[in-house]
Amino acid sequence: MEENMWIIELESALLDDCNVNDIYGICQGKALPEALRPDVWQVCLDVRHKSDQMSLFNEIYDLPFQSQLREDCQRHVDRMGNDEEDKVSVVSDLESIITFYCKNRNLQYEPENGWIELLLPLFALKLNRSDTFNLFESIRDTYIPKGCRPKGNVFHVFRLLLLYHDPELCTLLDTKKITPDLYSLTWFQSLFASCSSLSVIIAMWDLYFQNADPFMVFFLALIILINGREQILQMRSSSKEEIIKFLALMPCALEFDDVPDFCSLAQYYALKTPTSFKTDYLKALYGKQNDTPRSQEEANKVSQALCLPVSVYELVENSATEFPVPDAVRFFLVDCRPAEQYNAGHLSTAFHLDCNLMLQEPVAFATAVQGLLTAQRQAIEANSNAGGEHLCFMGSGRVEEDQYTHMVVASFLQKNTHYVSLLTGGYASIHDYFGDHMADCLEDHNVRKCLVCQQHNVQQTKSATLKASTPSSTDLFSKFSAAMKSKSAEVKGKLLDIIVNPSANPSGSAGGSNGVQSAPAQERHVSAKERNGKRYRNVAPVFSIDDENEDAFDGATGERDDQPLAGDGKEIVSLNQYFKTADIINAFKCQEVHMSGYMYDSHLIITPGQLVVLRELGRGQAQIMVRRPLASIVKITAKKRHRDLITFKYGFPDGDGLLITDMDRFLIPNAAEATALVSKHIVQVLDNAK
């Protein structure tokens with residue numbers, strides 16, 4: 001009798017006006033009695049007092065895709081094995097509910113979009129058509145992420161979650177080019193209803209709706225992969241198609257008795273994930289769907305994220321928590337800024353790892369990493385506020401410097417380090433978060449040397465100056481235009497084929513063909529909407545090798561993100577056979593460096609007319625990533641402090657301007673020889689073109 005007291009309490013609560021929190025407090029994740037399930041689900045999905053929307057349906061079935069919908073309903077119901085009389089009733093209700101849903105929401109039905117699979121378990125409740133519709137609509141609105149389509153944002157987010165908890169497994173799937181949408185699309189569309197038995201789905205949804213957490217599907221999907229990780233890792237030599245098929249069918253193995261442990265593990269992993277995962281992505285995945293430029297920008301940020309982002313609010317609050325919940329996230333903050341910036345202000349809990357060491361002093365960097373891991377272990381053992389399993393890396397918040405922070409983060413990910421995250425906005429976000437209290441919250445803060453303070457002072461000075469005496473915008477732009485015309489007149493008529501040895505001219509000056517020293521050209525990356533970098537017509541692009549600090553490349557114009565150029569098939573070749581090709585002038589072993597920080601073992605191939613990038617795949621094979629015409633190279637740059645880090649920039653004359661369209665970056669051990677050879681053949685190509 002005592003064991004069933006909770007059922008009596010639940011019955012009593014359902015007679016009153018209870019809510020989902022009351023339900024969870026009473027049931028505590030227990031399997032629901034069949035007789036009470038319809039009422040409990042209606043309370044949890046907040047549709048108990050919702051009006052009869054289906055009464056508005058005119059019973060006219062005239063949608064363009066109506067016949068397809070009817071066929072799909074019939075096919076799904078036939079699989080259930082019901083009596084013929086039941087089949088006719090279920091097919092009719094299925095078609096009616098989906099038809100009205102499409103008309104009411106102005107949506108189009110598409111085969112295999114998960115709607116039918118999501119509806120079928122609801123018919124097991126034996127509710128009337130209107131209540132079934134209300135449940136279906138609420139589940140779609142509350143628990144199905146927006147953008148559940150191939151290559152949708154949902155799957156970029158899920159990949160970041162997998163990378164956080166199991167980087168080795170994530171890397172294997174990335175290597176095979178198996179994106180989450182290829183195997184988990186139906187999981188997210190139907191909350192696993194498309195690939196699990198009815199008894200499993202009913203038991204899973206009992207717990208799902210009680211928890212009232214829309215992100216639970218992400219952690220359930222994560223558990224599916226982690227539970228099968230050993231089998232997946234053993235399939236390294238299997239084909240992409242075989243692995244996808246295996247992954248997609250994994251939920252089918254779930255049995256009724258597995259459900260409580262399955263959901264408990266999902267909640268455990270949710271506890272071990274930064275809360276920023278939910279707060280940052282809640283609006284994008286479960287908010288109102290829109291296609292504004294801002295929402296598209298947010299989507300791009302997710303798809304290009306190197307690892308899981310952590311908000312400054314969560315980081316600071318986490319550091320200040322004295323007695324965290326057992327197994328909850330505890331951060332170990334790694335400050336990757338250069339030493340001079342770290343010394344001008346930092347959080348007291350931060351471990352300093354100078355990202356510049358990675359390229360300048362690799363041995364010292366490796367030693368520093370070992371020191372970091374030792375300090376982390378000691379802090380955890382001491383139960384320090386600064387100690388946690390979860391590594392949160394922090395850059396400066398300045399794009400030009402944070403590319404090196406990204407390289408450090410990528411090096412940890414490539415070593416399959418668990419729980420790696422990146423602070424959104426870097427040190428600048430921490431600085432702004434504390435505001436007037438920064439002197440009390442930051443260690444060794446020096447207003448004169450702090451770059452964020454300097455930037456704020458400059459902005460305040462400019463603001464004050466503009467308010468005091470600002471010429472009209474017309475005057476301002478006319479003066480700017482006049483200055484540009486003056487500069488254009490100076491260079492008009494000159495032939496600019498400037499090639500500078502990267503080991504000379506540290507100032508970045510270039511010797512012109514007439515023997516006159518020219519000032520270092522200001523480097524600009526031009527988006528398609530801009531027309532900067534004035535040039536005269538009918539002149540070949542300027543080619544130079546600079547020692548200047550490089551500008552950040554405008555991602556909108558697109559550094560290649562493993563996307564083939566038009567007409568390029570990414571064929572796989574044998575390295576030995578490819579190197580025997582007659583037109584190869586030379587090949588340089590290197591590492592391709594992405595803006596994200598990832599580094600790939602590659603070969604830079606120079607032919608009479610092209611620059612070819614081969615990425616090693618192992619077992620003597622490589623993939624042709626890109627072929628660049630030598631004539632399209634308009635600039636080669638090398639960092640002052642990292643002479644082997646070479647950037648090739650591509651573009652072409654565009655009216656009076658020069659449009660830089662793309663770039664590649666490489667770490668080349670013998671960079672001077674490689675760039676000299678490329679320089680020589682660019683000149684030959686340009687001479688031949690004349």
Side-chain angles (χ1 to χ4, degrees), residues 160-170 215 218-219 222 226 265-281 305-337 342 345-355 365 368-397 405-406 408-427 429-431 433-434 441-443 597:
L160 291 178
L161 183 65
L162 178 61
L163 180 66
Y164 191 78
H165 288 283
D166 199 332
E168 182 181 8
L169 185 55
C170 185
F215 283 93
F218 286 89
F219 294 99
L222 178 68
I226 289 177
L265 274 172
Q267 290 174 307
Y268 173 76
Y269 273 82
L271 187 65
K272 290 183 74 67
T273 302
T275 57
S276 302
F277 174 73
K278 295 181 180 180
T279 55
D280 287 0
Y281 296 136
L306 175 61
C307 61
L308 208 64
V310 168
S311 68
V312 63
Y313 175 81
E314 179 176 10
L315 177 73
V316 174
E317 293 298 310
N318 186 278
S319 301
T321 304
E322 291 291 341
F323 304 104
V325 177
D327 294 321
V329 171
R330 196 70 165 164
F331 291 115
F332 184 83
L333 180 62
V334 184
D335 192 331
C336 294
R337 292 176 298 149
Y342 177 84
H346 57 267
L347 281 178
S348 60
T349 55
F351 180 97
H352 184 229
L353 179 66
D354 191 336
C355 59
F365 177 77
V369 169
Q370 289 306 312
L372 182 156
L373 298 175
T374 301
Q376 181 191 25
R377 186 169 59 252
Q378 292 173 347
I380 292 172
E381 290 171 355
N383 199 26
S384 164
N385 273 14
E389 291 181 288
H390 300 253
L391 290 170
C392 182
F393 291 85
M394 180 181 78
S396 65
T405 301
H406 292 167
V408 171
V409 173
S411 72
F412 276 80
L413 292 173
Q414 288 176 330
K415 293 171 185 172
N416 296 328
T417 307
H418 287 63
Y419 310 137
V420 171
S421 61
L422 190 63
L423 178 66
T424 303
Y427 173 75
S429 65
I430 289 179
H431 194 285
Y433 178 84
F434 289 128
C441 303
L442 295 175
E443 293 286 322

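For the numbers below, each heavy atom of this structure counts, side chains included, while hydrogens, waters and symmetry mates do not.
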For a 4.5 angstrom cut-off between non-hydrogen side-chain atoms, does [X] reach [Y]?
X    : Y    : result
F331 : S421 : yes
V316 : F434 : yes
I380 : R377 : no
D166 : L222 : no
I430 : L423 : yes

Could I get the full list of side chain to side chain donor-acceptor pair (under 3.5 Å) partners for [X], not counting sequence neighbours?
X    : value
E168 : R229, R236
H390 : Y164
T273 : H165

Would the F219 and F277 ring centres measure less than 6.0 Å apart?
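They qualify: ring centres under 6.0 Å apart.
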
Pairs touching residues 414-425 that satisfy salt bridge (Lys or Arg N to Asp or Glu O under 4.0 Å), sequence neighbours left out
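Counting only pairs at least two positions apart or across chains, no salt bridge (Lys or Arg N to Asp or Glu O under 4.0 Å) contact touches residues 414-425.
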
Which residue pairs pass the salt bridge (Lys or Arg N to Asp or Glu O under 4.0 Å) test when at least one of the two sits in residues 379-389, sequence neighbours left out?
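Only K272-E389 qualify under salt bridge (Lys or Arg N to Asp or Glu O under 4.0 Å).
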
Once the angle between the rings of H431 and Y427 is folded into 0 to 90°, is it parallel (under 30°), tilted (30 to 60°) or perpendicular (over 60°)?
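If you compare the ring of H431 with that of Y427, the planes turn out perpendicular.
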
In Å and rounded to the nearest 0.5 Å, what is the [atom1] to [atom2] distance from [X] to [Y]?
X    : Y    : atom1 : atom2 : value
L347 : M394 : CG    : CE    : 6.0 Å
L333 : H352 : CG    : NE2   : 11.0 Å
F365 : C355 : CZ    : SG    : 8.5 Å
T374 : F351 : OG1   : CZ    : 8.5 Å

What pairs of residues pass the side chain to side chain donor-acceptor pair (under 3.5 Å) test when at least one of them lies in residues 305-314, not counting sequence neighbours?
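Matches after skipping sequence neighbours: T275-E314, S276-S311, S276-E314.
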
